[in-house]
Amino acid sequence: MEPARPAFVPDPSASRETMETLQREIAATATFSDDFGFDPAAVSTADTHTLDAITDDRTATSPSHDDQPIVVGVDQAFLDDRAVGAIVAFRGGEVIERAHAVVDLEFPYVPGLLSFREAGAILAAFERLDVEPDLAVFDGSGRIHYREAGLATHMGVTLDLPAVGVAKGLLCGAPQRSLDDLSEGTRVAITADDSVETADDTDTVIGYALQTRQYDSGNRYINPVYVSAGHRVGSETAADLVERLCNGYKLPEPTRLADSYADEVKRDHDD
DNA sequence: GCGACAG
DNA sequence: ATCTTGTCGC
């Protein structure tokens, strides 16, 4: 698929001020509430037809997931000064397509400007993707961002695709309570703090810390992931969707597969 | 000046 | 993100 809003495609050669101005426009254009055409409850990592087949032999003969939403996981890997963008498309718990692209890096990692470094590889990979996704899961923040325009928001708005961001670290914002030793399934709201310049109120919920996995016992603890709305998804729904996609793992299945696919591309791309 | 800081 | 062996725990 191609960008629905070409004007929002990040320009790595722009000035920092131009980049930040673009992010404010993106945040103003983003929809941080549900606006998608599928049933969130139908999103799953499990192959529902495998379960159906036990009691319904019609599905056992010709498994079809045409009625299921297509969820894509997007991830990046790096080799020297090139970036690998990898996309894995899921439908009904089954991989239906994979796409990737390798592009030269033109911009360094700067907290708050991640999309200007990684968008090239991501958008190039999306152009090679044939299926039309219903939802994209990005590895990074969405609304949890200084200008509420993190990678998931920037890509979601540019492609006009429902998107959520899943980050392993917190960029900004304030957890409403301690994130130590949370039990599995617990979510803690992340509210805007002074570093979030676009938020109307400090106290605006910009995302959730979600404990997708936790050890039953022992002295070791797993950290939560930070889920935030990217585009056309509300904060609560974003957390609901990510929870459904994790199934016992810390990260969503589409993200884990995109991650290993990116590594696979990196291995085989020796030239 | 000090601390924080997605990938 | 990336460079990397062993190791603790289920």
Side-chain angles (χ1 to χ4, degrees), chain A residues 10 12 16 19-20 23 26-27 30 73-87 100 102-123 125 136-156 163-175 179 181 184 190 192-198 206-210 212-231 235 238 242 248-252 255-256 258-267 269-270:
Chain A
R16 181 171 184 140
M19 291 177 174
E20 296 185 354
Q23 291 184 325
I26 284 162
V74 186
D75 192 37
Q76 283 74 242
F78 303 89
L79 9 60
D80 298 316
D81 48 358
R82 287 177 301 176
V84 175
I87 303 174
H100 75 274
V102 181
V103 307
D104 291 331
L105 287 166
E106 303 172 40
F107 190 70
Y109 167 69
V110 178
L113 299 176
L114 185 65
S115 57
F116 292 87
R117 175 175 175 78
E118 311 199 332
I122 293 173
L123 294 175
V137 179
F138 290 91
D139 65 315
S141 293
R143 202 180 172 185
I144 296 179
H145 181 272
Y146 307 126
R147 289 164 291 280
E148 296 184 79
L151 181 71
T153 303
H154 201 142
M155 297 298 91
V164 303
V166 179
K168 293 181 288 298
L170 187 60
L171 176 61
C172 60
L179 301 180
D181 186 22
E184 196 165 303
I190 305 296
D193 58 14
D194 295 329
S195 72
V196 181
E197 56 180 66
T198 50
I206 56 176
Y208 286 96
L210 179 65
T212 52
R213 180 182 177 177
Q214 189 54 281
Y215 295 131
D216 301 317
S217 61
N219 318 315
R220 306 181 58 184
Y221 297 96
I222 296 174
N223 293 137
V225 294
Y226 302 91
V227 181
S228 56
H231 179 49
S235 296
V242 170
Y249 291 88
K250 173 171 178 170
L251 296 173
T255 300
R256 289 188 292 108
D259 186 77
S260 55
Y261 178 44
D263 283 337
E264 184 183 319
V265 170
K266 194 164 66 166
R267 278 193 296 99
H269 203 82
D270 41 64

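Throughout, a chain's letter reflects where its sequence line sits, starting with A, and its residues are numbered from 1.
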Taking any heavy-atom pair under 4.0 Å as a contact, classify [X]: base, sugar-phosphate, or nothing.
X	result
A/Gly112	base
A/Ala77	sugar-phosphate
A/Gly150	base
A/Leu79	nothing
A/Ile144	nothing

Worksheet item: Would you say A/Asp194 has more than 12 foreign heavy atoms packed within less than 6.0 Å of its CG?
Response: no
Item to complete: Report yes if some heavy atom in the side chain of A/Thr153 is under 4.5 Å from a heavy atom in the side chain of A/Ser115; otherwise report no.
Response: no
Discussion item. In the structure I gave you, are the side-chain heavy atoms of A/Leu151 and A/Ile122 within less than 4.5 Å of one another anywhere?
Written reply: yes
May I have the distance from [X] (atom [atom1]) to [N] (atom [atom2]), rounded to whole angstrom?
X	N	atom1	atom2	value
A/Met155	B/dG7	CE	P	16 Å
A/Arg16	B/dC5	CZ	C1'	11 Å
A/Arg143	B/dA6	CZ	P	20 Å
A/Arg213	C/dG9	CZ	C1'	11 Å
A/Phe107	B/dA6	CZ	P	15 Å
A/Ile122	B/dA6	CD1	C1'	12 Å
A/Asp80	C/dC3	CG	P	10 Å
A/Phe78	C/dT2	CZ	P	7 Å

Worksheet item: With distance as the sole test, does A/Thr212 use its side chain to make a donor-acceptor pair with the main-chain N or O of A/Lys250 at under 3.5 Å?
Response: yes
Discussion item. Could you check whether any side-chain N or O of A/His145 sits under 3.5 Å from a backbone N or O of A/Gly112, counting only pairs where one atom can act as donor and the other as acceptor?
Written reply: yes
Worksheet item: Would you say A/Tyr109 stacks on B/dG7, if stacking means ring centres under 5.5 Å apart and planes within less than 30 degrees?
Response: yes
Quick check for you: among [options], whose closest atom lies nearest to any side-chain atom of [X]?
X	options	result
A/Asp263	C/dT2, C/dC8, B/dA6	C/dT2
A/Leu114	C/dC8, C/dT2, B/dA6	B/dA6
A/Leu151	C/dG9, C/dT2, B/dA6	B/dA6

Worksheet item: Reckon A/Lys168 has a side-chain N or O less than 4.0 Å from the OP1 or OP2 of B/dG7?
Response: yes
Worksheet item: Below 4.0 angstrom from OP1 or OP2 of C/dG9, is there any side-chain N or O of A/Tyr215?
Response: no
Response to the item:
The answer to which of A/Asp216 and A/Asp259 contacts DNA chain C further toward the 5' end, by nearest nucleotide, is A/Asp259
